[in-house]
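Below: the structure, in structure tokens.
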Amino acid sequence: MFVNFRRIRRCQYVQLMTTCLVLSVVMVCWEQLDKSVVSHVKSYSYRYLVNSFTYINKSLTIPREQARSFSNFRYLLNHPDKCAGKDVLLLLFVKTSPENIERRNAIRSTWGNETYIQNALGVTVKVVFALGAPQARKEEPSWTKRFHLQEQLIHEDRLHGDLIQQDFLDSFHNLTLKLILQFHWTHSHCAHARFLMTADDDIFVHIPNLVSYLRDVSSRSVTDFWVGRVHRGAPPIRSKDSKYFVPYEMYQWLSYPDYTAGAGYVVSSDVADKIYQATLTLNASLYIDDVFMGICGITVGVSPQEHVYFSGEGKAPYHLCIYDQMITSHGHVEDIYDLWKTATDPQVKQKTSGLVGRLYCAAVKLALLCKPYYFNTYPCKAAFL
Ligand SMILES: *[C@@H]1O[C@H](CO)[C@@H](O)[C@H](O)[C@H]1NC(C)=O
Ligand SMILES: *[C@@H]1O[C@H](CO)[C@@H](O)[C@H](O)[C@H]1NC(C)=O
Ligand SMILES: *[C@@H]1O[C@H](CO)[C@@H](O)[C@H](O)[C@H]1NC(C)=O
Ligand SMILES: *[C@@H]1O[C@H](CO)[C@@H](O)[C@H](O)[C@H]1NC(C)=O
């Protein structure tokens with residue numbers, strides 16, 4: 001009796017201590033937790049209850065002459081004839097920065113190799129790089145450095161003929177200008193391309209999978225097509241420490257309209273044209289380019305759709321069952337050559353087909369994508385495709 005009593009007391013004591021510990025941890029973290037939880041809950045409710053963003057359009061519409069200030073930059077490098085006279089399935093814009101020459105070269109010799117795509121897949125895909133003017137760095141004698149970098153770009157462009165550069169400063173806060181550059185260039189020089197893709201220069205695109213998907217889609221002559229990793233009901237970030245901080249004056253509502261992660265998404269040519277039209281009358285000072293794309297979408301009445309194998313900011317697990325279906329994966333720089341080789345190896349299709357291959361891959365994908373904790377990759381439902 002006495003022993004039992006003590007044991008109960010000890011149990012209760014342990015319980016009490018654990019509770020206290022948990023409570024104090026929660027209290028210490030509460031402010032942080034509170035802010036982000038509350039803003040997500042608010043933003044989600046707003047997205048699903050109000051879900052009408054027409055007033056965004058109204059309040060961000062400005063006169064055309066003023067909107068032109070976001071697009072009338074001089075071209076420093078241009079290739080107006082890049083698409084001329086060709087039946088282009090996909091125009092692929094890679095957003096890059098002047099100093100990222102190694103990333104561009106890696107893309108040119110892997111997933112962005114137009115010759116390979118033409119020969120191996122039998123379709124025309126045009127790959128161009130969008131960039132602004134080099135920035136001056138604090139630590140260097142600025143203008144000589146900028147001049148030197150621009151000389152290198154001219155040289156690089158002479159070799160490859162694929163840089164589309166405008167005279168705005170290439171910086172994080174000018175990403176929306178780069179977005180506008182892409183839609184305006186497409187409108188003027190490549191409006192007949194059936195699809196337009198915009199991609200970061202540190203992603204991997206499984207071009208054979210993407211091409212076969214787009215071929216399939218275009219055989220059904222789709223319109224209003226906009227696909228990628230969709231962010232729904234994302235709240236604006238009001239904390240000044242964040243890279244994505246947006247002041248209230250710039251965007252005053254609780255939630256952004258739906259948009260696709262800027263790392264990589266595809267639109268059909270009719271959507272590209274509508275977005276172009278939207279940029280002619282919108283205030284583009286909101287510098288988060290993919291959110292701005294969402295605003296353009298809402299003003300012309302197109303909404304994005306989800307494709308589970310567009311990763312957004314997430315990274316694909318390295319496995320042949322994933323390679324069989326992946327479209328994009330984020331965060332590849334050093335490993336891009338290896339990944340290109342292994343992911344497009346003919347063995348991938350062989351090993352993942354047939355009843356045995358499919359059962360094996362179903363199990364592997366379940367294990368790789370459906371984890372009990374969060375990690376940034378394809379969603380669990382991708383395992384059931
Ligand atoms: C692109 O692919 C072609 C044909 O497969 C190849 O000959 C060429 O070397 C590749 N280009 C680069 C930059 O690797
Ligand atoms: C964006 O580019 C313009 C034109 O070059 C420049 O004046 C401005 O400072 C840039 N903005 C940022 C935030 O870098
Ligand atoms: C565009 O929005 C910014 C704030 O985000 C504002 O400062 C600017 O005056 C607006 N431009 C026009 C032309 O209304
Ligand atoms: C957005 O605003 C413009 C100009 O005010 C208007 O012409 C257009 O119809 C609006 N679009 C939507 C979807 O409300």
Side-chain angles (χ1 to χ4, degrees), residues 55-76 92 94-95 97-98 101-138 142-143 146 149-150 156-163 165-181 205 207-208 211 236-238 243-253 256 278-289 291-292 295-296 299 336-341 344-346:
Y55 45 83
I56 291 183
N57 176 31
K58 268 212 191 96
S59 80
L60 293 184
T61 297
I62 55 174
R64 280 173 183 256
E65 310 79 65
Q66 284 175 19
R68 206 168 291 140
S69 69
F70 297 105
S71 66
N72 66 352
F73 295 95
R74 189 165 57 96
Y75 281 101
L76 301 175
L92 209 165
V94 182
K95 298 174 273 183
S97 294
I101 179 164
E102 274 165 32
R103 293 186 185 183
R104 290 191 290 277
N105 280 336
I107 291 171
R108 287 180 184 116
S109 44
T110 56
W111 57 265
N113 182 339
E114 292 177 354
T115 321
Y116 164 85
I117 299 169
Q118 187 77 60
N119 295 346
L121 309 174
V123 292
T124 305
V125 172
K126 289 286 155 195
V127 181
V128 287
F129 295 92
L131 67 171
Q135 288 197 60
R137 291 271 144 73
K138 280 196 198 81
S142 57
W143 67 268
R146 284 178 66 178
L149 203 46
Q150 187 60 27
E156 181 187 342
D157 189 53
R158 231 175 257 143
L159 280 179
H160 302 286
D162 57 4
L163 301 185
Q165 184 190 31
Q166 267 185 345
D167 191 13
F168 57 81
L169 203 61
D170 195 293
S171 66
F172 175 75
H173 287 100
N174 270 342
L175 271 175
T176 297
L177 299 183
K178 207 175 274 180
L179 178 91
I180 291 175
L181 153 68
V205 181
I207 280 282
V211 163
I237 293 174
R238 306 298 191 193
K243 186 178 167 189
Y244 299 103
F245 164 67
V246 165
Y248 188 78
E249 309 83 69
M250 193 169 273
Y251 189 90
Q252 62 206 85
W253 300 280
Y256 289 135
T279 64
L280 299 178
T281 58
L282 283 178
N283 183 344
S285 43
L286 185 77
Y287 40 68
I288 305 178
D289 62 332
V291 170
F292 183 72
I295 292 174
C296 292
T299 67
I336 199 163
Y337 293 95
D338 283 340
L339 185 55
W340 172 245
K341 241 174 106 184
T344 58
D345 193 312

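As the structure lists them, so they are numbered: ligands from 1, and atoms in each ligand from 1.
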Under 3.5 Å, which donor-acceptor pairs link side chains of residues 66-74 to any protein atom two or more places apart or in another chain?
unit_1: S69; atom_1: OG; unit_2: Q66; atom_2: O; d: 2.8
unit_1: S71; atom_1: OG; unit_2: R68; atom_2: O; d: 3.4
unit_1: R74; atom_1: NH2; unit_2: D167; atom_2: OD2; d: 3.3

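The atoms of ligand 1 that sit less than 4.0 Å from any heavy atom of S109 are 12 (C), 13 (C), 14 (O). Heavy-atom proximity to H173, at under 4.0 Å, picks out these atoms of ligand 2: 13 (C).
For ligand 2, the polar-atom distance check finds an N/O of L169 within less than 3.5 Å of one of the ligand's N/O atoms. Annotation: N113 places an N or O atom under 3.5 Å from an N or O atom of ligand 1; distance criterion only.
At distances below 3.5 Å, at least one donor-acceptor pair connects side-chain atoms of R104 with backbone N or O atoms of S97. Judged by distance alone, the side chain of Q166 and the main-chain N or O of G132 form no donor-acceptor pair under 3.5 Å.
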Ligand-protein N/O pairs under 3.5 Å (ligand 3):
unit_1: ligand 3; atom_1: 2 (O); unit_2: N283; atom_2: ND2; d: 2.3
unit_1: ligand 3; atom_1: 2 (O); unit_2: S285; atom_2: OG; d: 3.0
unit_1: ligand 3; atom_1: 5 (O); unit_2: S285; atom_2: OG; d: 3.4
unit_1: ligand 3; atom_1: 11 (N); unit_2: N283; atom_2: ND2; d: 2.9

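The side-chain heavy atoms of K95 and D289, taken from C-beta on, include a pair separated by under 4.5 Å.
Scanning for ring pair (Phe, Tyr, Trp, His ring centres under 6.0 Å) contacts around F245 gives an empty result, with sequence neighbours left out. By the side chain to side chain contact (heavy atoms under 4.5 Å, CB included) test, L60 pairs with I56, L282, I295, sequence neighbours left out.
Classification of the Y244-F172 ring pair by plane angle, with boundaries at 30° and 60°, yields perpendicular.
If you look at N174 next to ligand 2, the close heavy atoms, those under 4.0 Å, all belong to the side chain.
For K126 and D162, the salt-bridge test fails: no basic side-chain N is under 4.0 Å from an acidic carboxylate O.
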